[in-house]
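What follows is a short report on a single structure.
Note on naming: letters A, B, ... go to the chains in the order of the sequence lines (proteins, then strands), and numbering restarts at 1 for each one.
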Number of protein chains: 2
Amino acid sequence: MGYMTTGAARPLGSGRVRSTRQGAAVDAALRDADGFRTAQDLHGELRRRGETVGLTTVYRHLKSLADAGEIDVVLRPDGESQYRLCRPVDPADPAAGHHHHLVCRKCGRAVEVEGPEVEEWAGRVAAAAGYTQVTHTLEVFGLCPKHS
Amino acid sequence: MGYMTTGAARPLGSGRVRSTRQGAAVDAALRDADGFRTAQDLHGELRRRGETVGLTTVYRHLKSLADAGEIDVVLRPDGESQYRLCRPVDPADPAAGHHHHLVCRKCGRAVEVEGPEVEEWAGRVAAAAGYTQVTHTLEVFGLCPKHS
DNA sequence: GTAGCTGCAAACAATTTGCACACCG
DNA sequence: CGGTGTGCAAATTGTTTGCAGCTAC
């Protein structure tokens, strides 16, 4: 079975088998968003644009994009998930690596932040307590300059 | 070594007006738990003990205990909340203050961890990006020595 | 043509709330 | 008694799933 994957702008949805209007719409909404958005936000935005895409479909695309590692997911303190495109995979900068986010509570605008010292700290305290298979969640929230 | 707990314990529920069997049962379940537990866990444990306490009531007590700062709440990556009694206020180390948790994914056993460097890091990156009113969520998950 | 994709409704799971009744003080 | 506490059922919210019809390839 030959596969395709068009040759133009870096396509999202590497896990997708077919290309559909709805998938493209979700991609577009994610691209246009200047920060993290909830599934419902994206769905609302699409409706606003006149795109008819079911909420279910939005969730399904987000799920597969997340599984494919093409979007970042941040769990807000209230338990709701927000999504944002990962930074484009640049051939010159392949291994994107582990990072966290500084997210605006008002508009979702986010800055990717890295904290080697934090990763190290987490590993250290875990090791000191004898814990293994360690993972961590770390998100920073605040008000961006425009909303301060 | 020594397990003391269930004997003479500091009274919980500083916000409560009345003392009831259900409130005491929730307190007891929290005291006996050796780690973080979800509301449903606690409710199940109470039933197992033969205590009839409504799930609603468990939630209500957890809510008020959390508001009173008597229990810590950790949001798991799947969005469910887990609760655990705060460590007893140590007279020798009063200002317990801000801390995070290293939680076992299997049994909920947790170690309180502090990371001044992490707090500092968060403040630094936020300031660098011009973000204000900064807060952060940080939890470390792993397998405790008994479950590794 | 057919498997994947879509969308509506229904299912789900965690948590909250309305309301009548119970019972602590 | 009086009002807080309780509990059941129903409502909420975010997200997932069943399934029949649609459509990209």
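Here D:dT13 presents its P atom at 15 Å from CG of A:Asp41, a figure rounded to the nearest Å. To the nearest angstrom, P of D:dT6 lies 12 Å from CG of B:Leu46. Per the geometry, CZ belonging to B:Arg16 stands 18 Å off P belonging to C:dC23, to the nearest Å. Going from atom CG of B:Leu65 over to atom P of C:dT15 covers 15 Å, rounded to whole Å. Between B:Glu51 atom CD and D:dT6 atom P there is a gap of 12 Å when expressed in whole angstrom units. The CG-P distance, from B:Asp78 to C:dA13, rounds to 13 Å in whole Å.
Residues B:Glu80 and B:Arg21 both approach DNA chain C. Their nearest nucleotides, taken by heavy-atom distance, put B:Glu80 toward the 5′ side. The nearest heavy atom of DNA chain D to A:Arg76 and to B:Arg60 marks one nucleotide each, and the one closer to the 5' end goes with B:Arg60. Sequence order on DNA chain C of the closest nucleotides to B:Arg18 and B:Lys63 puts B:Lys63 first from the 5' end.
If you check every strand for non-hydrogen atoms under 4.0 Å, A:Gly23 touches sugar and phosphate atoms only. A:Thr56 comes within contact range of at least one nucleobase, with a heavy-atom separation under 4.0 Å. Across all strands, B:Thr38 comes closer than 4.0 Å to no nucleic acid atom at all (heavy-atom distances). Residue B:His43 is out of contact with every strand shown, counting any heavy-atom pair closer than 4.0 Å.
For D:dT6, the OP1/OP2 oxygens have a side-chain nitrogen or oxygen of B:His61 closer than 4.0 Å. When the side-chain nitrogen and oxygen atoms of A:Gln22 are compared with OP1 and OP2 of C:dC5, none of them lie within a distance under 4.0 Å. Checking the phosphate oxygens (OP1, OP2) of D:dG7, a side-chain nitrogen or oxygen of B:Thr57 falls inside 4.0 Å. Regarding contacts with the backbone of C:dT15, a side-chain N or O of B:Tyr59 is found under 4.0 angstrom from either OP1 or OP2. A close approach under 4.0 Å does occur between a side-chain nitrogen or oxygen of B:Ser81 and OP1 or OP2 of C:dT15.
Side-chain contact, B:Tyr83 with B:Glu70: no donor N or O sits under 3.5 Å from an acceptor N or O. Between the side chains of B:His98 and B:Glu114, no donor N or O sits under 3.5 Å from an acceptor N or O. Side-chain polar atoms of A:Thr137 and B:Arg76 form no donor-acceptor pair below 3.5 angstrom. Between A:His61 and A:Asp27, the side chains place no donor N or O within less than 3.5 Å of an acceptor N or O (distance only, hydrogens not considered).
At least one side-chain heavy atom of A:Gln40 sits less than 4.5 Å from a side-chain heavy atom of A:Glu80.
The nucleotide whose nearest atom lies closest to any side-chain atom of B:Gln40 is, among D:dT15, C:dC23, C:dA14, C:dA14. Closest approach to the B:Leu55 side chain among C:dC24, C:dG4, C:dT15 is made by C:dT15 (side chain taken as heavy atoms from C-beta onward).
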